[in-house]
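Report on one structure; see the data block that follows.
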Amino acid sequence: MTRCHLHKFGGSSLADADCYRRVAHILLTHGHSDDLIVVSAAGKSTNFLYKLLELSDGKQLWQEELQVLISYQQNLIEQLLSNEQARSLRERLSTDKSQLTSLLSLEKLNDYQSNQVVSFGERWSSRLLAALLRESGVAAADIDARTLLVADEGAVPQIRLQESKDKVQQMLAAHPNERLVITGFICANEQGDTLLLGRNGSDFSATLLASLANIERVTIWTDVEGVFNADPNRINDAKLLKSMSLTEANRLAHLGSPVLHNRTLQPLFDTEVSLAVRSSYAPHTDFTLIAPKSSSASAPVVTSLPSVSLFNVTLKAELPQLLSCFAEAGLTPLAYWSLAHGRAELAFTHENQKQALAIFEANNDYLHIEGLQIRDDLGLVALVSADAGLYRRGFARLLNRDAHPLCNDGLSLVTLVPKGQVNLLTQKVHRRCAGPRKRIGVLLLGIGNIGEAWIDLFKRARPVLNKELEVSVELIGLVSSKKALISDDDIALDTWQDQFEQTATDWEYASLFDQLQQLDCDEIIALDISASADLTLQYPEFFARGIHVVSANKLAGSGPLTFYRELKQQLGNRRLFWRYNASCGAGLPVQHVLNDLHNSGDNIEAVGGIFSGTLCWLFEHFDGKKPFSELVLEAKGLGITEPDPRDDLSGRDMQRKLLILAREIGHDIELDEIVLNSLVPEHLVDIPLPQFIERLSELDVEMQQQYQAAGEQGKVLRYVASLDWLEGGLKAEVGIQWVDRTHPYANLTPGDNVFVIRSAFYQDNPLIIRGPGAGREVTAAAVQSDLAQICRDLLQE
């Protein structure tokens with residue numbers, strides 16, 4: 001009798017009552033009425049049972065531990081079953097407790113008795129899950145695998161396949177249209193004594209039973225979604241493999257995959273059984289399907305072992321004879337190298353070291369082995385693929401002189417390196433050989449003058465960036481204050497305006513984030529080219545969704561300190577990037593310089609300058625001949641000021657920029673800790689703009705007096721931001737200063753910015769950065785520079 005599906009659930013999938021309910025739900029929604037189910041012991045029950053065996057060795061310390069374990073099982077019963085079902089299982093559990101007490105009270109347990117103690121974990125799981133399924137209204141029975149699997153004893157029990165198959169077929173015939181919950185991990189000898197199938201024994205039970213029952217598919221439900229092309233705990237961009245061949249999976253398992261064990265896969269060879277690896281915690285997600293006879297190669301997989309044993313040996317026989325000896329003993333080297341002068345090297349896991357030594361010793365006369373040396377200071381890095389040869393050159397380029405040469409067996413590339421180099425080499429191999437070509441999506445928030453300039457620049461810069469980094473950087477979103485266009489396809493840079501005009505729709509943040517979440521991008525980088533305070537309040541949500549940010553908007557970097565710290569904390573918790581060089585100095589590399597000085601060990605003592613192109617223009621032209629108010633109106637007419645000139649004249653913009661720089665060099669201060677001396681009198685601050693323009697001349701008397709007083713001392717007026725560390729105290733201020741005519745602030749091209757940095761390295765001769773501090777092209781260039789740097793950081797090996 002043939003059934004379609006066997007499900008296997010491990011201990012982590014049965015750890016508590018909620019887990020059992022989740023498993024029952026999976027079986028009712030993903031299964032059929034005649035499925036087979038194999039279970040491990042719940043949670044840490046097996047470890048507990050082994051601990052009882054240790055405590056029973058001549059001591060009476062196991063009673064309390066046994067009661068803890070029995071209470072754990074009792075609680076599961078009470079939480080999951082109704083009175084009638086619970087009563088039956090409680091009675092059986094009471095009988096089990098008596099049996100365990102009798103066994104553990106023996107002066108010395110033999111191997112069969114110890115195995116019997118350990119077997120209770122799986123038996124309890126099988127019994128409880130079958131009862132829970134019956135509670136859900138379906139026919140189910142628990143089956144003890146010792147009545148099915150007959151084995152010859154040895155270091156690892158060897159299953160008698162035909163005898164076991166007959167018993168399995170008899171069981172299927174006796175339980176038609178019934179879900180059968182079978183114990184994993186255990187079997188029996190011909191006399192019925194309990195035997196254990198060893199490490200990963202429950203997974204092996206599942207595939208073995210599937211092959212004996214002619215099952216079409218085995219699903220191993222575990223705590224991971226499947227097999228990834230790298231360890232997702234170590235490689236951020238590891239991808240789930242939706243399929244792979246059995247031969248590839250087997251090689252990966254031999255090389256230390258934490259998801260698969262090679263013994264689990266052996267029963268599947270020469271069968272039509274496929275194996276799925278799925279997450280019991282997320283059954284709705286994608287999973288990995290291992291096909292028995294797939295001819296197509298899956299994506300390459302990178303794996304590693306932190307520690308291996310390397311045997312270096314001299315042989316008078318040929319290397320194939322040595323490998324044959326290991327094959328006969330059921331032991332496969334991780335990799336092997338044939339060296340000159342009859343020497344060979346073979347790598348094994350530490351767990352197999354003793355077994356390998358025994359094989360060397362048993363075959364010494366036949367192989368004439370001498371000069372055996374063992375190294376335990378190495379780790380292993382490997383790439384598995386049916387097309388392994390295609391990646392040999394890229395892999396080899398990453399190896400340094402400490403690495404072993406590549407071993408290429410046609411299905412994998414393997415090298416050994418000092419233990420401390422394993423993680424770094426694994427990451428490099430993944431990015432060079434196994435990592436997919438990254439698709440980085442760019443979301444442009446703000447499509448005005450600077451946004452247009454950035455798109456023009458991006459059109460020229462993108463081909464170079466894509467070629468340099470071997471990525472595909474694509475424009476996937478355009479957002480204005482009212483409309484948004486989000487596209488899973490690359491938005492055409494030549495016709496983006498027409499596309500936006502025709503297809504953009506009204507938007508709100510919730511729907512915008514949902515649309516971004518659906519895009520098929522490896523990474524998304526948002527470019528905030530706006531002055532929106534509402535947008536900066538969404539930065540935590542951008543980061544929470546794994547979206548990187550480039551800011552020309554200065555409001556986040558100069559926001560409340562608690563908010564700023566929250567953003568930095570989010571960045572620190574995840575591999576996310578936020579760059580905002582364009583928020584201060586436009587295209588001038590002031591933040592780059594400050595970071596370089598800080599990272600080089602320099603002590604930055606003062607930062608000052610003129611950070612406003614508008615205020616630079618006004619004061620460079622103010623010579624006392626023309627009233628200051630007329631210069632403001634002239635600048636407004638030229639488009640040099642903001643629509644409301646008070647946004648420039650207040651100095652608030654420079655105050656925010658100074659705050660950004662202060663925080664960048666490590667000073668945790670708030671905006672109001674920077675003294676602000678506004679050029680706008682208090683009585684003109686809140687009046688309507690037309691009235692302010694009419695009364696602008698009220699600034700002239702004060703400005704003319706300051707100009708004349710400064711001139712009498714041979715100085716000129718400049719509007720300056722300054723940050724000084726004086727005798728352990730921080731002094732930060734923005735306002736008018738009188739400076740010498742030879743000062744760096746005094747002779748600027750109107751519209752420029754200038755930054756003056758004094759540090760331990762630049763004490764008597766400060767470092768000066770000067771150039772255009774505003775303008776659509778230079779700001780766009782700064783945004784593009786930050787974007788390119790984030791792309792490089794994401795792809796850094």
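Keep in mind that the numbers below use all heavy atoms, side chains included, and drop hydrogens, waters and symmetry copies.
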query: Within the distance-only criterion (no hydrogens, no angle test), does the side chain of Asn466 pair as donor or acceptor with the backbone N or O of Val473 below 3.5 angstrom?
result: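 Side chain of Asn466 to backbone of Val473, a donor-acceptor pair under 3.5 Å: yes, one is there.
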
Donor-acceptor contact present, side-chain Asp231 to main-chain Thr303, <3.5 Å: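 Pair absent, no side-chain N/O of Asp231 close to backbone of Thr303.
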
Take a 6.0 Å sphere around [atom1] of [X] and say whether it holds more than 12 heavy atoms from other residues, nucleotides or ligands.
X      : atom1 : result
His592 : NE2   : yes
Lys459 : NZ    : yes
Gln763 : CD    : yes

With distance as the sole criterion, is a donor-acceptor pair present between the side chains of [X] and [Y] under 3.5 Å?
X      : Y      : answer
Asp793 : Gln789 : yes
Arg234 : Gln427 : no
Asn553 : Ser551 : no
Ser612 : Asp653 : no
His430 : Asp237 : yes

- prompt: How far does OG1 of Thr29 sit from NE2 of His284, to the nearest 0.5 angstrom?
  reply: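 These two atoms lie 12.0 Å from each other.
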
- prompt: CD1 of Ile525 to CH2 of Trp578: how many Å apart, nearest 0.5 Å?
  reply: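 The CD1 atom of Ile525 sits 15.5 Å away from the CH2 atom of Trp578.
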
- request: Evaluate the ring planes of Trp221 and Phe9, with Trp represented by its six-membered ring, and classify them as parallel (under 30°), tilted (30 to 60°) or perpendicular (over 60°).
  value: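 Parallel, since the angle between the ring planes stays under 30°.
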
- prompt: Are Phe500 and Trp496 close enough that their ring centres sit under 6.0 Å apart?
  reply: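 They do not qualify: ring centres at least 6.0 Å apart.
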
query: Are Phe611 and Phe755 an aromatic pair by the rule of ring centers under 6.0 Å?
result: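 They qualify: ring centres under 6.0 Å apart.
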
- prompt: Checking Arg663 against Tyr564: charged group under 6.0 Å from the ring centre and within 45 degrees of the axis?
  reply: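 Output yes; distance and angle both within limits.
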
task: Not counting sequence neighbours, which residues clear salt bridge (Lys or Arg N to Asp or Glu O under 4.0 Å) with Lys419? List them please.
output: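 In terms of salt bridge (Lys or Arg N to Asp or Glu O under 4.0 Å), with neighbours along the sequence ignored, Lys419 is linked to no residue.
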
